[in-house]
Participant: 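After the structure tokens below, expect a handful of questions from me.
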Amino acid sequence: MLALGCDHGGFPLMAEVIKYLEDNKIPYKNFGTFSEESVDYPEFGKLVAHAVADGECEQGILICGTGIGISIAANKVKGIRAALCGDVFSAKATREHNDANILALGARVTGAGLALEIVKAFLETPFSNDERHIRRIKQIED
Ligand code: RB5
């Protein structure tokens, strides 16, 4: 199960992401926001981060205007490795190297076509399980 969260700035792109997930029969739980009315992004970053950290969802996608604020907020939760990605290479690499468990996107930065390619790469790329990457992730946790 994928946890979804966004603020008003991320809402239009989240609608595209949800369409992609539904077209591809990928299950998700949407933690909001549910409109373009102004809200505070830390609240939604926190909801999704806790859903992932607590094991309710395996991974998450967070979207705000830049992807920066909401990823900063999510990364405050222990066990969360939220990666802000604006290209497909980074999305693949952060799964392989960092075992990122949340993808963050910037709706005012990254167009929908590229964003959906990034989502696809993030969801389809497994962690490498390489010893050196496991060691480095452990160092982050410590
Ligand atoms: C909201 O205007 C905007 O600040 C937010 O979406 C995000 O870009 C913050 O990092």
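Ligands are counted one by one from 1 in listed order, and the atoms in each one are counted from 1 as well.
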Participant: Give a yes or no on whether the backbone of Phe89 and the side-chain of Asp87 come within a donor-acceptor separation of less than 3.5 Å.
Facilitator: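 Between the backbone of Phe89 and the side chain of Asp87 there is a qualifying donor-acceptor contact (under 3.5 Å).
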Participant: Any nitrogen or oxygen of Thr66, side chain or backbone, less than 3.5 Å from one on ligand 1?
Facilitator: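 Yes - when backbone and side-chain N and O of Thr66 are compared with those of ligand 1, one distance drops under 3.5 Å.
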Participant: Which of the atoms in ligand 1, numbered in the order shown and given with their element, are less than 4.0 Å from a heavy-atom of His8?
Facilitator: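 Reading through ligand 1 atom by atom, the close ones are 1 (C), 2 (O).
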Participant: Nearest protein heavy atom to atom 3 (C) of ligand 1, by residue and atom, and its distance?
Facilitator: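 That would be Arg108 NH1, 3.8 Å.
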Participant: Looking at Gly79 and Asn101, what are the two nearest heavy atoms and their distance?
Facilitator: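 Closest approach of Gly79 to Asn101: O-ND2, 2.9 Å.
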Participant: Could you tell me which atoms of ligand 1, counted from 1 in the order shown, lie closer than 4.0 angstrom to a heavy atom of Asp7?
Facilitator: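 Here the atoms of ligand 1 in question are 1 (C), 5 (C), 6 (O).
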Participant: Which pair of heavy atoms, one from Ala107 and one from Gly9, lies closest together, and at what distance?
Facilitator: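 Minimum heavy-atom separation between Ala107 and Gly9: CB-O, 3.2 Å.
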Participant: Need the ligand 1 atom indices (1-based, order shown) with element for anything under 4.0 Å from a heavy-atom of Gly65.
Facilitator: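 Result: 5 (C), 6 (O), 7 (C), 8 (O).
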Participant: Can you report which non-hydrogen protein atom sits closest to atom 7 (C) of ligand 1, along with the distance?
Facilitator: Cys64 SG, 3.3 Å
Participant: For ligand 1, is there an N or O atom under 3.5 Å from any N or O atom of Gly9?
Facilitator: no
Participant: Quick test: of every protein heavy atom, which one is nearest to atom 9 (C) of ligand 1, and how far off is it to 0.1 Å?
Facilitator: Tyr41 CE2, 3.5 Å
Participant: Could you tell me which non-hydrogen atom of Arg95 sits nearest to which non-hydrogen atom of Thr125, and how far apart they are?
Facilitator: NE-O, 2.9 Å
Participant: If you draw a 6.0 Å radius around CG in Asp40, do more than 12 non-hydrogen atoms from other residues or ligands fall strictly inside?
Facilitator: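 At most 12 heavy atoms, drawn from other residues, nucleotides or ligands, come within 6.0 Å of this atom.
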Participant: At what distance is the nearest protein heavy atom to atom 10 (O) of ligand 1, and which residue and atom is it?
Facilitator: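 Looking at atom 10 (O) of ligand 1, the protein heavy atom closest to it is Gly69 N, 2.9 Å.
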Participant: How close do Ala100 and Gln59 get, counting heavy atoms only, and between which atoms?
Facilitator: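 Scanning both residues completely, I find the closest heavy atoms to be O-NE2, 4.2 Å.
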Participant: Return the minimal non-hydrogen interatomic distance between Leu2 and Ile61, and the atom names on each side.
Facilitator: CD2-CD1, 3.9 Å
